Q: 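Take this structure, written in structure tokens, and hold onto it; I'll ask about it next.
All chains are named by letter (A, B, ...) in the order of the sequence lines, taking the proteins before the strands, and each is independently numbered beginning at 1. In this text the structure is predicted, and so the values were computed from the model without any measurement.
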Protein chains: 2
Amino acid sequence: MSDGAKGKVAGSVLARVPKATFRAHIADGLRAAILNGDIEPGAQLVETALADQFGVSRGPLREAMRQLIDEGLLIAVPYTGTHVVGLSVDDVREIYSMRVTLEIFAFEQIWARRDQAFRQGLVARRDALTACIDAEDDAASIVAELQLHGFVYEATGHKLLIRTWDSIRGRLQLYWAAHHRAHGIRGPRRDGHDRYVEMALSDDFDTLKSEITDHMARGGRQTEDFLRGREARAAAQSP
Amino acid sequence: MSDGAKGKVAGSVLARVPKATFRAHIADGLRAAILNGDIEPGAQLVETALADQFGVSRGPLREAMRQLIDEGLLIAVPYTGTHVVGLSVDDVREIYSMRVTLEIFAFEQIWARRDQAFRQGLVARRDALTACIDAEDDAASIVAELQLHGFVYEATGHKLLIRTWDSIRGRLQLYWAAHHRAHGIRGPRRDGHDRYVEMALSDDFDTLKSEITDHMARGGRQTEDFLRGREARAAAQSP
DNA sequence: ACGGCTCACATTGTCAACAATCGACTGTCT
DNA sequence: AGACAGTCGATTGTTGACAATGTGAGCCGT
């Protein structure tokens with residue numbers, strides 16, 4: 001730890017970063033570890049162990065964990081422990097139903113303002129996603145798909161909406177990562193996203209709406225089958 | 001402070017509360033102080049002072065503040081300070097547009113399941129709100145109106161939606177409180193909410209949708225006028 | 001007088017030790 | 001044998017002190 005801590009000189013005119021704090025770095029690292037699957041759902045996070053691992057004290061670590069709790073990735077019970085959240089069938093169903101609503105809202109916000117930059121950005125991200133799928137790189141596909149959808153939210157400029165998407169994205173990624181590890185190749189098929197982008201660039205809002213609904217419904221059904229199977233297996237094992 | 005801290009005896013069989021921590025209590029207290037207007041928007045929150053005031057150390061207080069930051073009530077810049085957020089015209093516009101979407105989504109979720117309990121609960125909360133308005137009790141009106149709308153969200157049982165509403169409610173209440181202090185009597189007029197509840201209990205979903213849109217549009221317009229005036233005044237004063 | 005620099009202060013970030021609580025284990029009593 | 005109380009270890013909650021950083025006041029040179 002404490003690598004670039006002594007940089008007294010760099011007045012650095014253009015960087016408005018007020019000297020990064022540990023908490024942010026730790027939160028990012030922890031989040032990555034969770035979403036990457038290095039820490040499995042249900043696993044307990046022990047503060048002292050993690051603090052050692054990150055080379056910091058428990059103070060900053062606790063704040064980072066609290067941030068992840070607010071993001072819905074961790075769940076804490078006082079004096080007992082903090083665990084990585086395990087998503088249920090209902091949880092995933094909620095995420096997908098919410099996405100339908102939010103994403104349609106996002107397109108409502110931006111519909112009249114879909115300029116050239118937006119169209120190019122959307123196509124670029126679809127191409128990136130397609131490349132990842134063709135390369136059968138699941139981890140990259142997940143990130144690429146999140147960036148495709150995230151681009152739509154960002155384009156709205158609606159800070160509250162973006163904030164809400166951020167609060168959902170973590171859980172969605174958590175689920176996708178688990179699905180990916182369990183099933184190998186995951187959901188995103190080429191044609192589905194091609195159609196999605198095509199509709200997003202068309203002038204028929206109603207068709208886009210139903211495309212989004214279908215898009216999510218496909219993903220949702222897939223997830224439900226997977227999760228129901230997992231829950232059934234878990235139920236058959238534990239009691 | 002420090003009243004019920006030493007309760008060693010109370011084994012308290014029926015309470016499943018695992019011994020309340022300070023952090024939660026402080027977060028509630030701080031939130032109340034902010035929403036109540038005891039701490040004005042823009043004011044800086046100094047950790048040491050607040051810690052003394054609450055009778056705790058800076059550790060728990062920092063975590064409570066971080067929670068309020070995640071709720072969007074505070075904004076922090078490292079090594080410099082943490083301030084109560086001041087909402088702009090755009091912020092309020094975003095809140096209202098988001099509410100339209102979320103509330104329509106909420107009714108979609110619950111539409112087919114509007115049983116007797118739901119209807120009675122809705123009417124009861126409308127009556128409570130009406131009573132507060134008739135009594136010209138602004139502070140109570142705000143709470144009552146939040147409970148009326150909150151009841152709809154709760155009724156969906158959609159945890160993610162409720163969570164999202166929670167993340168918006170704080171900012172909405174913050175704005176309403178500021179509006180209330182500046183303008184005296186605030187927005188909620190009787191007939192507006194009567195119509196809202198009437199539509200919510202009817203069987204015409206489309207009409208409800210437009211009623212919600214109008215309902216919010218009225219509120220939004222009102223807020224914009226107020227905020228634009230405030231910003232204009234501020235702009236005329238500071239530079 | 002004005003711009004840049006130094007320095008002290010206020011505030012936040014971090015740390016290591018201490019206290020409180022929970023869960024499980026164990027030993028005893030019925 | 002089974003149930004219950006007490007105890008022990010592990011983990012989180014809390015604290016006060018120390019370090020790093022940003023900000024503004026005051027000084028100096030021009």
Q: Within this structure, what is the CE-CD1 distance for the pair A:Met216 and A:Ile104, rounded to the nearest 0.5 Å?
A: 8.0 Å
Q: Under the rule for side chain to side chain contact (heavy atoms under 4.5 Å, CB included), what residues qualify as partners of A:Gln120, not counting sequence neighbours?
A: A:Gln116
Q: Categorize B:Gly59 for me: base, sugar-phosphate, or nothing, with a 4.0 angstrom heavy-atom threshold over every strand shown.
A: base
Q: Could you tell me which residues satisfy salt bridge (Lys or Arg N to Asp or Glu O under 4.0 Å) with A:Arg169, sequence neighbours excluded, listed by chain and number?
A: A:Asp166
Q: Quick one: which protein N/O atoms are closer than 3.5 Å to N/O atoms of nucleotides 6-12 of chain D? Pair and distance per line, please.
A:
from   : atom 1 : to      : atom 2 : distance (Å)
D:dT12 : OP1    : A:Leu45 : O      : 3.0
D:dT12 : OP2    : A:Glu47 : N      : 3.1
D:dT12 : O3'    : A:Tyr79 : N      : 3.3

Q: Nearest whole Å is fine: how far is C:dT14 C1' from A:Ile26 CD1?
A: 10 Å
Q: Output all residues satisfying side chain to side chain contact (heavy atoms under 4.5 Å, CB included) with A:Gln147, sequence neighbours left out; order by chain, then residue number.
A: A:Val143
Q: A:Gln67: which residues meet the side chain to side chain donor-acceptor pair (under 3.5 Å) condition with it, sequence neighbours left out?
A: none
Q: In whole angstroms, how far is the P atom of D:dT14 from the CZ atom of A:Arg66?
A: 10 Å
Q: What is the distance, to the nearest angstrom, from the CG atom on B:Leu50 to the C1' atom on C:dA10?
A: 15 Å
Q: Quick one: B:Phe54 CZ to D:dT14 P, roughly how many Å, whole number?
A: 14 Å
Q: Side chain to side chain contact (heavy atoms under 4.5 Å, CB included) with A:Ala51: which residues, sequence neighbours excluded?
A: A:Arg58
Q: Nearest whole Å is fine: how far is D:dT15 C1' from B:Arg23 CZ?
A: 16 Å
Q: Take the protein atom CD of A:Glu63 and the nucleotide atom P of C:dT14, then report the distance between them rounded to whole Å.
A: 8 Å
